Structures are given as structure tokens and as C-alpha cells.
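In this text the structure is predicted, and so the values were computed from the model without any measurement. The chains referred to below are lettered A, B, ... by the order of the sequence lines, with proteins before strands, and numbering in each begins at 1.
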4 protein chains.
Amino acid sequence: MVITLQLDGEVPLYEQLRNQIVIGIATGVLEPREKLPTVRQLAEDLGVNTMTVNKAYALLKQEGYIVIDRRHGAKVSAPPESDPRQELSPKLAQELELIIAQAAIQGIDPARFQSLCAPIFAKMTYRYT
Amino acid sequence: MVITLQLDGEVPLYEQLRNQIVIGIATGVLEPREKLPTVRQLAEDLGVNTMTVNKAYALLKQEGYIVIDRRHGAKVSAPPESDPRQELSPKLAQELELIIAQAAIQGIDPARFQSLCAPIFAKMTYRYT
Amino acid sequence: MVITLQLDGEVPLYEQLRNQIVIGIATGVLEPREKLPTVRQLAEDLGVNTMTVNKAYALLKQEGYIVIDRRHGAKVSAPPESDPRQELSPKLAQELELIIAQAAIQGIDPARFQSLCAPIFAKMTYRYT
Amino acid sequence: MVITLQLDGEVPLYEQLRNQIVIGIATGVLEPREKLPTVRQLAEDLGVNTMTVNKAYALLKQEGYIVIDRRHGAKVSAPPESDPRQELSPKLAQELELIIAQAAIQGIDPARFQSLCAPIFAKMTYRYT
DNA sequence: GTGGTCTAGACCACG
DNA sequence: GTGGTCTAGACCACG
């Protein structure tokens with residue numbers, strides 16, 4: 001999996017790293033139960049501080065995206081039990097609202113928005129296929 | 001318009017303020033050409049420093065959401081010329097991808113996602129109605 | 001002469017007004033000894049405060065571009081005695097240096113810069129034709 | 001690099017600072033990828049507040065002249081891809097027009113103007129050498 | 001150690 | 001009266 005970090009961006013490195021791994025999982029580039037590189041290895045590959053990778057892994061673990069086993073290192077979580085509610089978390093819902101607000105001001109209507117989402121969803125092979 | 005800031009949140013105050021005003025514009029709570037409170041007034045109402053409001057206004061101005069007129073203060077921009085492309089900016093597209101990735105992992109499919117977007121869009125009365 | 005002011009710009013209104021009149025003189029739209037509108041008239045036409053026009057006129061007078069006669073109002077100065085030195089004022093030289101610096105960083109070389117100046121000079125019919 | 005600020009001038013301190021750094025880059029005093037002083041250090045050296053330096057850096061970053069890396073602070077950007085158009089931005093073009101207008105009124109013709117630009121260009125060693 | 005954010009308070013240019 | 005700028009000082013996230 002190719003990870004590229006924007007060193008001069010406004011998003012913290014650990015957060016960029018976390019985001020890219022989440023997208024990797026969603027797109028199937030990283031499969032459930034797949035082993036992730038060690039903190040040390042990934043830090044070296046990316047040329048960042050081990051603390052940065054550590055923070056990303058800790059965040060992913062806390063969110064349930066990965067599990068960390070002292071013996072086997074980090075690996076992608078098995079798919080969770082299907083959530084019958086299928087609601088967005090408050091945080092995600094808030095972010096989505098902000099995106100839609102900006103899209104709406106730009107003149108994008110729901111149908112157009114849907115057609116913008118479709119190709120993104122098409123890349124996500126994680127669960128619902 | 002009611003604005004509430006989360007003082008202990010991770011999002012900077014000036015950015016929270018910017019976000020809420022953007023949503024206010026999109027939902028029609030703030031109408032095009034409507035005058036915004038003065039920097040001083042809003043700072044006092046919110047209990048924050050004038051520079052915090054100043055930074056939010058400067059950001060909104062730079063993004064084209066408001067215009068700042070030395071004579072009359074800040075007001076909501078007139079609707080821009082309709083952009084025939086109707087694409088999302090790279091930044092927005094990236095944020096949307098991340099949201100969809102997280103939704104997909106949670107088992108939300110495109111149809112469900114659309115039904116989650118619908119009520120949000122319904123609140124946005126800005127342009128496309 | 002058509003004057004358009006950018007109300008939400010970063011350049012003060014009186015300075016924009018002064019700049020446009022200077023360009024008007026240089027391009028010959030305003031001829032030497034031509035009478036300018038009264039402060040009151042111009043302020044009304046532009047929809048700005050009379051103080052703003054007053055400030056612009058005072059600045060133009062101080063710089064020698066116009067003369068103000070209590071009986072006849074303001075008019076464009078007669079061409080000054082030719083300055084044999086033909087140097088730029090320190091302020092203008094500094095502004096020019098900054099423009100050239102930015103152009104150079106962008107990869108514009110002297111020849112290209114000259115070709116960019118040519119059509120601008122072509123519009124200036126004031127003295128040297 | 002020597003930076004001198006005019007404390008009583010009309011140009012804001014942060015803008016003077018930005019201008020001098022741009023000129024420093026263009027003249028080669030600051031080389032691509034060269035590290036800039038920290039915000040704190042430069043503020044102390046110049047006797048101004050850190051927020052003033054911060055604002056100058058933020059502006060330079062936004063304009064693409066420098067990159068700010070959370071790991072190593074600010075440094076001069078690498079030269080951008082050569083722009084085949086080589087046009088001036090509207091803002092720069094407008095400023096140049098105003099300078100040329102004032103020069104023309106003073107009796108400076110295109111040839112003389114070119115000879116005034118030449119020594120300024122000679123100092124700019126940034127890209128085109 | 002770095003830049004980013006924020007406060008309380010002030011002065012100023014602009015209009 | 002408005003936004004713009006600036007200070008002195010502080011705390012924090014990031015790495």
C-alpha cells in the first residue's frame with residue numbers, strides 16, 4: 001500500500017496516516033486480519049518519527065479499525081457485527097453537513113451530489129459488496 | 001442566528017465560527033447581502049477575542065462567502081455565477097472520500113448514504129431551490 | 001471617464017480613486033487643464049462619502065497631478081517642466097523592485113517583462129508621444 | 001539576511017516582512033530549500049511580536065513562496081514548475097500599470113523605463129540565470 | 001523546539 | 001463606528 005504524506009499540509013501527520021489507512025481498509029487494499037507494518041518499520045519507510053506512527057495506530061485501535069496484539073503486532077480488525085442502525089456518528093454527520101453546505105452554496109443539488117458520491121463508493125469494496 | 005462554540009474542542013474557535021457561518025448561509029438563516037454582526041459585537045456575544053472573529057471573517061472573505069466593505073462592515077456575498085462544472089474542490093472531494101470510506105466500513109451502502117444526505121440537503125435552501 | 005471602485009478591496013477607496021485619476025491622466029482620458037468634477041458631484045456619482053473624494057483630490061494636489069483653484073475647482077495640471085534626470089521616486093522604485101522580484105521568481109526574464117510593459121506603455125499617450 | 005522594518009511607515013509590518021523575504025528569495029540571498037529563522041527568533045531579532053512574523057509566514061505560505069513543515073519549521077519553496085504562459089497575475093499587472101502611468105507622466109519613455117528595470121533584474125538571480 | 005491559537009487590551013486608518 | 005494591525009504574554013498540539 002502506498003502512503004504519501006503531505007509534510008507541509010495543515011492536517012497533522014498522524015491524522016493523515018490514520019486517514020490513509022482507513023481508506024486503505026475501505027477500498028480493500030488492506031484486508032481484514034491483514035498484518036500492518038511495525039511502528040518502527042512504517043516510521044522508517046515514511047521518514048517520520050515513530051511517535052507519529054504510534055499515535056496513528058493508537059487512534060485506529062481506539063476507533064476499532066485495527067487490533068494490536070503484543071505478540072503479532074497490529075492487524076486490520078475483522079468486520080464488526082453489522083450495525084442495524086447504520087447511522088453516522090455525530091462527528092461524521094457534522095462533517096457531512098459542512099461538506100453539503102459548501103456544495104449547496106456552490107449550486108450542487110442532491111442529484112449531482114449523488115453522482116459525485118457514486119464513483120467514490122465504487123472504490124469501496126469493504127463490506128457491502 | 002445562534003452560534004455555539006465548543007471551547008474545549010479540537011477545532012479552533014475561528015474555524016468553528018467560520019463553519020457555522022457557512023452553514024448559516026447554506027441553510028438560509030443568513031441571506032445573501034445580509035449584514036453580519038460587527039467583529040466587536042460578535043466577539044462580545046460569543047465571549048471570545050476580537051482577533052478570533054477577525055480571523056474567521058478574513059477566512060470567509062478569502063473564500064468568497066462574505067464581502068467586507070469598509071463602509072458597512074461584513075455582509076454575505078451575493079450568489080456567485082452558477083458554475084457549470086459543479087465539481088467539488090480537491091479538498092472537499094478528499095474529505096468526502098474519507099467520510100464515505102468510514103461509512104462503507106460501517107456497512108452503509110450508497111442508497112443508505114443517499115437517504116442520510118437527503119434530510120441534510122433539505123435544510124439547505126441557498127441556491128438550488 | 002469611467003471610474004469603478006472595488007468596495008470590498010484591500011486598497012482604500014480614496015487611494016483607488018487617486019490611482020484611477022492618475023491613470024486617466026497618463027492615458028489621455030483626462031487632458032491637461034481639463035476640469036475635474038466637483039468633490040460633491042463625484043462623490044454622488046460614485047456613491048461614496050465626500051470625504052473620500054476630498055482625500056483623493058488632496059493627495060493628487062500634493063503630488064502635483066492636479067491644481068485646485070477655489071474659484072474654478074480642480075483641474076489637471078499642465079505638463080511639468082521635463083525632468084532631465086528621469087529617475088523614479090524612491091517609493092516607485094521600491095514598488096517596481098517588488099514587482100520585478102515576483103516576476104523573476106515566476107520565471108519571467110527581462111525580455112519577457114519588456115514585452116509585458118510594451119502594451120501598457122502603448123496606452124499612455126501623455127507626454128512622450 | 002538583513003531585514004529592516006519601517007515602524008512608522010504606512011505599510012503594515014507583516015507586509016514589509018513578507019516583501020523583504022520575497023525580494024530575498026528573488027535575489028538569491030535566500031536559496032530554495034533554505035531554512036528560515038523560527039517565528040520566535042525572527043520576532044526577537046526584529047523586535048516585533050511573534051504574531052506579526054506568524055502572519056507574514058502564513059501569507060508567504062499561502063502564496064507558495066515558503067513551505068511550513070511542522071517538523072523543521074519554515075523554508076523557502078523549491079522552484080515551481082516553469083509556467084509556460086509567463087503572465088503577470090491581475091494584481092501585479094494592475095500595480096505595474098500604475099507605476100508605468102506615473103512614469104509616463106514624468107516623461108519616462110519605454111526605452112528609459114527598460115534601462116531602469118535592467119539593474120533591478122540584474123540583482124534577481126533566482127530562476128532565469 | 002516548532003508553529004498555531006488565543007486573550008486582553010490598545011491604537012489607527014478609513015469613511 | 002468599522003475592520004486592521006499590533007503588543008505582551010500564554011498555552012497547546014505536533015513531532
> Closest nucleotide of DNA chain F for B:K35 versus for D:V11: which of these residues is on the 5' side?
Replying inline: B:K35
>> Could you tell me how far apart B:L42 (CG) and F:dT2 (P) are, to the nearest whole angstrom?
In response: 13 Å
> Between E:dG15, F:dA8, F:dG4, which nucleotide has the shortest distance from any of its atoms to the side chain of B:I68?
Replying inline: F:dG4
>> Could you check whether any side-chain heavy atom of C:E95 comes within less than 4.5 Å of a side-chain heavy atom of C:K91, counting everything from C-beta outward?
In response: yes
> Nearest-Å distance, CG (A:L46) to C1' (F:dG15)?
Replying inline: 14 Å
> Watson-Crick or G-U wobble partner for F:dT5, using a 3.5 Å limit on both distances?
Replying inline: E:dA10
> Which nucleotide in the list E:dC6, E:dG3, E:dC14 gets nearest to the side chain of B:Y14?
Replying inline: E:dC6
>> Please pick, from E:dA8, F:dA8, F:dG15, the nucleotide with the shortest atom-to-atom distance to any side-chain atom of A:L13.
In response: F:dG15
> Should C:E97 and D:M124 count as side-chain neighbours, where that means a heavy-atom distance under 4.5 Å?
Replying inline: yes
> Between B:I66 (CD1) and F:dG4 (P), how many Å, whole number?
Replying inline: 9 Å
> When the distance from CD of C:E15 to C1' of E:dG15 is rounded to whole Å, what number comes out?
Replying inline: 14 Å
>> Using whole Å, what does the distance between atom P of nucleotide E:dG3 and atom CG of D:L59 come to?
In response: 16 Å
> Roughly, in whole Å, what's the span from CD in D:E44 to P in F:dT7?
Replying inline: 14 Å
> Only one of D:L92, D:I23, D:L96, D:I120 clears side-chain contact (heavy atoms from CB on, under 4.5 Å) with C:I100; which?
Replying inline: D:I120
>> Which is more 5' along DNA chain F, the nucleotide nearest D:V48 or the one nearest D:R70? Just name the residue.
In response: D:V48
>> Under 4.0 Å from OP1 or OP2 of E:dC6: is there any side-chain N or O of B:K55 that close?
In response: no
> Any idea which of F:dT5, F:dG15, E:dT5 is nearest the A:N49 side chain?
Replying inline: F:dG15
> Below 4.5 Å, heavy atoms only, C-beta onward: do A:L36 and A:Y57 meet side chain to side chain?
Replying inline: yes
> Given that B:L7 and C:T52 both sit by DNA chain E, which one's nearest nucleotide is further toward the 5' end?
Replying inline: B:L7
> E:dG9, F:dA8, E:dG15: which one has an atom nearest the side-chain heavy atoms of D:M51?
Replying inline: F:dA8
> Tell me: CG of C:L5 to P of E:dC14, nearest whole Å?
Replying inline: 15 Å
>> Please report the distance, rounded to the nearest Å, between CG in B:N54 and P in F:dG4.
In response: 5 Å
> Has the side chain of B:R40 got a donor or acceptor atom sitting under 3.5 Å from an opposite partner on the base of F:dG3?
Replying inline: yes
> So, A:D45 versus A:Q41: side-chain donor-acceptor pair below 3.5 Å or not?
Replying inline: yes
